[in-house]
Protein chains: 2
Amino acid sequence: MDIGQREDMLYLLKTFADEQRLKLLVLLNTKEYNVTEMAKALELSEPTISHHLTRMHAVGLLRLRMDGNQRFYSLNPDRLAVFKKYMAEIEVAPVQTPAKVSDNAWIEALPWSEEDKKVLRDYTFNGRIPNLPNKEKRFLVVLRWLATKFEPGVRYAEKQVNTILSAVNEDYALLRRSLVEYGFMRRERGGGDYWLVPEEETIPSGQ
Amino acid sequence: MDIGQREDMLYLLKTFADEQRLKLLVLLNTKEYNVTEMAKALELSEPTISHHLTRMHAVGLLRLRMDGNQRFYSLNPDRLAVFKKYMAEIEVAPVQTPAKVSDNAWIEALPWSEEDKKVLRDYTFNGRIPNLPNKEKRFLVVLRWLATKFEPGVRYAEKQVNTILSAVNEDYALLRRSLVEYGFMRRERGGGDYWLVPEEETIPSGQ
DNA sequence: CACCTAATTTGATAGTCATCAAATTAGATT
DNA sequence: AATCTAATTTGATGACTATCAAATTAGGTG
């Protein structure tokens with residue numbers, strides 16, 4: 001991606017990155033509109049709409065048709081196509097990891113079935129789980145693994161739990177809730193500390 | 001595109017729409033970096049880089065690997081893929097015209113062959129031609145039609161010509177030049193007014 | 001010309017955010 | 001502990017910009 005292209009893309013991006021302008025794009029996707037109509041549709045003043053339209057027109061995203069007093073704006077599909085091309089060109093190179101085998105060594109060390117370990121291998125990356133599995137069965141594997149990150153007999157404040165969980169996935173709230181729901185952890189009545197449920201009271205590993 | 005998706009996309013867009021963050025993306029495309037390295041590369045302070053990284057990490061674009069004191073950030077290709085998918089989904093619908101038949105009535109009124117009229121029907125939209133045809137043959141049809149917008153015997157200043165042509169397509173300069181090149185109009189020697197070439201001296205209509 | 005309507009421009013205001021210096025946290029080392 | 005290094009957090013500042021009211025421009029019509 002050359003420098004001129006990046007500048008063009010940056011300006012296009014900044015134009016797109018506004019809630020009202022996104023709404024205008026969606027509107028204009030179906031047909032052309034004049035300024036008054038758009039102001040009504042978005043519940044904004046005409047000067048504001050005019051401001052946005054001027055900007056979008058300046059980057060070439062819009063076409064303008066004059067009709068008497070009125071100005072009808074419509075999308076410029078060509079320009080949109082250019083933008084989409086830029087976006088598509090952003091490389092999603094399979095990030096060349098330092099990829100030490102040791103990164104996954106901890107999985108092999110777990111006293112689990114091959115099947116469960118495969119789930120972990122599939123979903124972990126540098127010790128994190130960027131995307132949680134949807135299937136309940138695999139999600140349970142993740143939860144069981146998360147449980148190993150807590151010490152038996154120790155009481156954890158909610159904040160501590162959050163910190164530990166967020167190291168694995170951003171949606172730590174979901175994880176915390178799920179750990180309790182599925183019986184891996186318990187919480188003090190009335191909302192206090194959390195603690196690990198002893199292994200023998202837990203759902204057994206899949207086979 | 002549902003509402004939640006649009007919010008997600010908006011936040012992603014805002015994250016992308018910053019010069020430094022774009023640079024970071026390009027950097028991280030090849031390999032992981034720690035904060036100090038990135039600060040050096042972009043010639044910004046560490047807090048500033050940290051600020052950008054935090055944001056990018058919050059929307060899930062980055063992975064984080066801790067190594068002693070250092071924090072290595074890398075791209076999250078999955079999340080990038082999601083963003084690209086959003087972008088690709090922006091519709092470039094073939095703008096559905098108000099399509100009153102009356103809009104096209106003027107075409108039927110032309111004393112031309114069906115073939116030529118079909119070209120005009122295909123390319124006009126509310127009296128404009130948003131995308132000029134590439135094929136020379138069709139482009140000539142457009143030029144012949146444009147010629148009808150000028151009065152025989154009248155001398156037009158360049159600005160007048162531009163105004164008339166830009167009502168049809170933004171690239172009025174190309175149109176003006178082409179009208180002269182293909183012999184539909186002439187220009188005063190030394191660069192002055194334009195005028196229409198009498199019909200009988202013009203390239204005849206296709207069949 | 002006077003008037004009406006559509007739209008833009010101008011000017012002011014408020015909110016967001018990129019940036020950096022200074023202070024703080026946290027891991028590693030001695 | 002004391003210290004060193006890497007990074008984040010805090011707080012302040014400046015730049016940008018979305019928004020609207022008021023003024024202005026411009027086409028259309030009586």
Side-chain angles (χ1 to χ4, degrees), chain A residues 7 10-25 27-28 32-59 61-74 126-127 159-160 162-164 166-167 170, chain B residues 7 10-25 27-28 32-59 61-74 126-127 159-160 163-164 166-167:
Chain A
E7 268 179 38
L10 183 61
Y11 202 41
L12 275 169
L13 271 171
K14 289 191 174 188
T15 304
F16 272 97
D18 176 273
E19 186 176 358
Q20 312 305 336
R21 287 196 285 263
L22 264 192
K23 285 187 193 163
L24 286 176
L25 273 182
L27 243 197
L28 289 169
E32 61 172 9
Y33 284 90
N34 67 26
V35 180
T36 309
E37 288 168 338
M38 291 189 255
K40 280 229 180 72
L42 301 209
E43 298 184 322
L44 288 174
S45 73
E46 295 199 13
T48 301
I49 297 293
S50 194
H51 162 70
H52 288 307
L53 292 174
T54 302
R55 165 140 199 189
M56 292 167 80
H57 189 252
V59 294
L61 281 170
L62 299 186
R63 292 270 169 66
L64 173 57
R65 179 175 72 88
M66 309 272 299
D67 182 10
N69 258 353
Q70 301 170 62
R71 298 158 95 88
F72 286 90
Y73 286 91
S74 58
N126 283 332
K159 199 162 183 188
Q160 288 179 280
N162 292 345
T163 304
I164 292 169
S166 68
E170 281 137 15
Chain B
E7 267 181 38
L10 184 61
Y11 202 39
L12 275 169
L13 271 171
K14 289 191 175 188
T15 305
F16 272 97
D18 176 273
E19 186 175 357
Q20 312 306 336
R21 287 195 286 264
L22 264 192
K23 285 188 194 162
L24 286 176
L25 274 182
L27 243 197
L28 290 169
E32 60 173 11
Y33 284 89
N34 67 25
V35 180
T36 309
E37 288 168 338
M38 291 190 255
K40 280 230 179 71
L42 301 209
E43 299 184 322
L44 288 173
S45 73
E46 294 199 14
T48 301
I49 297 293
S50 194
H51 161 71
H52 288 308
L53 293 174
T54 302
R55 164 139 199 190
M56 292 166 80
H57 187 252
V59 294
L61 280 171
L62 300 185
R63 294 272 171 62
L64 173 56
R65 180 174 72 88
M66 309 273 298
D67 183 9
N69 259 352
Q70 301 171 61
R71 297 158 96 88
F72 286 90
Y73 286 91
S74 58
N126 283 331
K159 201 161 182 191
Q160 287 180 281
T163 305
I164 291 169
S166 69

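Reminder, nothing fancy here: chain letters follow the sequence lines and each chain counts from 1.
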CG-CD distance between B:Leu64 and B:Glu32, expressed to the nearest 0.5 angstrom: 10.0 Å
Could you tell me how far apart B:Met56 (CE) and C:dC17 (C1') are, to the nearest whole angstrom? 16 Å
Apply side-chain contact (heavy atoms from CB on, under 4.5 Å) to residues B:Leu53 and B:Arg71 and explain how you reach the verdict. CA-CA 11 Å; B:Leu53 293 174; B:Arg71 297 158 96 88; over 6 Å; no
Nearest-nucleotide wise, let me know which of A:Ser45 and A:Asp67 is further upstream toward the 5' end of DNA chain D. A:Ser45
Sequence neighbours left out, what passes side-chain hydrogen bond (donor to acceptor under 3.5 Å, both in side chains) with A:His51? Give chain and number order. none
Measuring only between side-chain heavy atoms, which start at C-beta, is A:Met56 closer than 4.5 Å to A:Tyr73? no
ring-ring contact (aromatic ring centres under 6.0 Å, His included) against B:Phe16, all qualifying residues, sequence neighbours excluded: B:Phe83
If the sugar-phosphate is the primed atoms plus P, OP1 and OP2 and the base is the rest, what is the B/S/- string for nucleotides 2-18 of chain D, using protein heavy atoms under 4.0 Å? ---BSBBB--------S
